[in-house]
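Working notes, beginning with the structure itself.
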Amino acid sequence: MTSYTVRIESLDQEVECREDQNILDACLRNGVWLPHACTHGTCGTCKVEILDGDVNHGDASEFALMEYERNEGKTLVCVATPESDVVIDADVESEEGVTMHPVRDFEGTLVALEDCARETRRLVFDLDDELSFNAGQYVQVTLPNTDGVFRSWSMANSPASPKQIELTIKRTPGGLGTDGWIFKDLKVGDKVKIAGPYGRFFVRTAKEKPIIMIGGGTGLAPLKSMVKHVLEEDTGQTMHLYHGVRGYEDLYDVEYFKQLEADHEDQFFYHPCLSEEEGVEGTSHGMVTDVIDEDFKTLRGMVAYICGPPPMVEASLKMLMKKRLFPRDTYREDFFDASDKETGGTRSPLMRTN
Ligand SMILES: Cc1cc2nc3c(=O)[nH]c(=O)nc-3n(C[C@H](O)[C@H](O)[C@H](O)COP(=O)(O)OP(=O)(O)OC[C@H]3O[C@@H](n4cnc5c(N)ncnc54)[C@H](O)[C@@H]3O)c2cc1C
Ligand code: FES
């Protein structure tokens with residue numbers, strides 16, 4: 001198989017990249033960290049400029065990489081493969097106190113499978129080696145009986161348990177990975193290929209400000225990892241966790257979070273919100289954004305982490321701006337799926353990508 005050299009001019013680094021490998025993958029596996037979020041050509045976070053050489057743009061969404069951008073020599077490295085030696089210019093900001101872990105391959109053995117909420121499953125995999133990651137990151141799981149098709153799912157466990165990962169996954173009707181596998185014939189004992197860690201949605205413990213977390217549905221997963229990490233590492237931030245779902249049947253880990261709240265009564269506050277059910281004890285009624293709007297006069301001086309379906313993430317960003325919490329202290333993870341690539345579920349042009 002032919003390999004090419006990819007030079008990242010701005011970092012003064014070079015990696016070898018196979019002709020069938022995306023440039024981001026080659027970089028992340030060689031300890032060269034480039035900004036990325038969705039890793040399937042949908043969000044545009046990994047856009048770079050090609051200074052020299054040719055690439056195949058792969059499966060880049062035409063919304064995330066417009067025709068004029070292709071003509072201007074831009075590409076999305078998460079789906080672009082080299083067709084010659086390539087020189088790229090990437091905008092990489094280093095963050096103080098943050099270690100980025102190289103991507104590696106693991107074999108996972110499913111040791112627990114549970115229906116934890118409506119159309120939602122919790123999966124626990126034992127790994128064949130330790131997976132170092134930052135709380136909030138995700139893994140790619142290769143779907144069985146496919147030609148290397150993978151899906152991204154966020155780890156709900158904290159980095160303190162590196163040989164076992166917990167995933168919580170919602171069924172997507174017609175979805176290849178969920179309807180076609182996890183909710184169909186996946187069983188305890190099955191072995192899967194897992195790669196990670198990916199993403200830049202992780203808790204910044206160096207920021208001492210109080211934290212507000214907003215999770216829609218299984219968007220709770222990376223936030224759970226963050227909450228556990230902050231408490232385990234005793235980094236001291238106050239955390240308000242808002243979990244937005246439709247009805248009580250969609251909530252999960254309620255007892256777990258209530259217990260954390262009792263154990264850390266001045267530090268951790270749990271707010272389950274039901275948009276379609278009223279009068280359920282211990283929950284608020286309304287869209288999670290409206291509940292927060294009511295609860296806080298201002299969010300100035302806080303750090304926000306938002307995760308879930310793209311429309312909920314967008315609505316949350318608007319609400320945060322209104323409450324004086326601006327993009328430099330806002331981190332987001334959009335749970336894009338295959339349909340978003342076709343319909344342009346891209347980031348709001350209003351927002352800087354954190
Ligand atoms: C960074 C990241 C982290 C994530 N973490 C989680 C998590 O922790 N938990 C979780 O539940 N989800 C998570 N997701 C979402 C997850 O990756 C999957 O997208 C989701 O589980 C659906 O996968 P699927 O294979 O079942 O559906 P897909 O096969 O991707 O299909 C999704 C939908 O799109 C439709 N579709 C498929 N192809 C097309 C097409 N060409 N045109 C139009 N429509 C199409 C399908 O019919 C289906 O309705 C995450 C996503 C990202 C990007
Ligand atoms: S990370 Fe490449 S487009 Fe999202």
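Numbers for residues simply follow the sequence, beginning at 1. Atoms within each ligand, like the ligands themselves, are counted from 1 in listed order.
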Near [X], which atoms of ligand 1 are under 4.0 Å from a heavy atom of that residue?
| X | value |
| --- | --- |
| R151 | 23 (O), 24 (P), 25 (O), 28 (P), 29 (O), 30 (O) |
| F336 | 19 (O), 51 (C), 53 (C) |
| G177 | 24 (P), 25 (O), 26 (O) |
| E333 | 1 (C) |
| G174 | 46 (C), 47 (O) |

Would you say [X] and ligand 1 have an N/O pair spaced under 3.5 Å apart?
| X | answer |
| --- | --- |
| H40 | no |
| F335 | no |
| D179 | no |
| S152 | yes |

Any donor-acceptor pair under 3.5 Å linking the side-chain atoms of [Y] with those of [X]?
| X | Y | answer |
| --- | --- | --- |
| E16 | T5 | yes |
| H57 | T75 | yes |
| S316 | Y242 | no |
| Q237 | T235 | yes |
| Q140 | T39 | yes |

When you measure from [atom] to every protein heavy atom, which one gives the shortest distance, and what is it?
| atom | value |
| --- | --- |
| atom 40 (C) of ligand 1 | E342 CG, 3.4 Å |
| atom 27 (O) of ligand 1 | G175 CA, 3.2 Å |
| atom 37 (C) of ligand 1 | A338 CB, 3.5 Å |
| atom 35 (C) of ligand 1 | S339 CB, 4.0 Å |
| atom 49 (O) of ligand 1 | P173 O, 3.0 Å |
| atom 10 (C) of ligand 1 | T218 OG1, 3.3 Å |
| atom 19 (O) of ligand 1 | D337 CB, 3.1 Å |
| atom 26 (O) of ligand 1 | T178 OG1, 2.5 Å |

For ligand 1, indicate whether the residue [X] contacts it via side chain, backbone, both or neither (heavy-atom separation under 4.0 Å).
| X | value |
| --- | --- |
| T168 | backbone |
| W153 | both |
| D334 | backbone |
| A156 | neither |

May I have all residue pairs that pass side-chain hydrogen bond (donor to acceptor under 3.5 Å, both in side chains) and include part of residues 178-191, sequence neighbours excluded?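 Of all non-adjacent pairs touching residues 178-191, those that pass side-chain hydrogen bond (donor to acceptor under 3.5 Å, both in side chains) are T109-K191, R171-D179, K187-D190.
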
Does some side-chain heavy atom of [Y] sit less than 4.5 Å from a side-chain heavy atom of [X]?
| X | Y | value |
| --- | --- | --- |
| P159 | F133 | yes |
| V203 | Y305 | yes |
| L65 | R70 | yes |

Could you tell me whether ligand 1 has any atom less than 4.0 Å away from a heavy atom of [X]?
| X | value |
| --- | --- |
| G199 | no |
| I169 | yes |
| T39 | no |

Please check if the side chain of D59 supplies one atom and the backbone of V79 the other of a donor-acceptor pair under 3.5 Å.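 Between the backbone of V79 and the side chain of D59 there is no qualifying donor-acceptor contact (under 3.5 Å).
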
Strictly distance-based, threshold 3.5 Å: is any side-chain N or O of T81 a donor or acceptor partner for the main-chain N or O of Q21?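 No; judged by distance alone, with no hydrogens or angles, the pair does not exist.
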
Number of protein N/O/S atoms less than 2.8 Å from atom 2 (Fe) of ligand 2?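 If we list every protein N, O or S atom nearer than 2.8 Å to atom 2 (Fe) of ligand 2, we get 2.
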
Apply the ring-ring contact (aromatic ring centres under 6.0 Å, His included) test between H243 and each candidate in Y252, F257, F269; give the one that qualifies.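 The residue from Y252, F257, F269 that satisfies ring-ring contact (aromatic ring centres under 6.0 Å, His included) with H243 turns out to be Y252.
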
What orientation do W33 and H36 show, parallel under 30°, tilted 30 to 60°, or perpendicular over 60°?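 Ring orientation of W33 relative to H36: tilted.
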
Name of the residue among V227, L241, T168, L251 meeting side chain to side chain contact (heavy atoms under 4.5 Å, CB included) with L220: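 With L220 as partner, V227, L241, T168, L251 yield a single side chain to side chain contact (heavy atoms under 4.5 Å, CB included), made by L241.
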
I182 with V149, same ILVMFWY side-chain cluster at under 4.5 Å: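 I182 and V149: one cluster.
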
Derivation and outcome, side-chain contact (heavy atoms from CB on, under 4.5 Å), residues K224 and E166: CA-CA 10 Å; K224 181 179 177 188; E166 173 188 334; 2.9 Å; yes

Report, as yes or no, whether the 6.0 Å neighbourhood of atom OH on Y248 holds more than 12 heavy atoms from other residues, nucleotides or ligands.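 Incorrect, the count does not exceed 12.
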
Is any side-chain N of the basic residue among R151 and D337 closer than 4.0 Å to the acidic one's carboxylate O?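 Judged by the 4.0 Å cut-off on N to carboxylate O distance, R151 and D337 do not form a salt bridge.
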
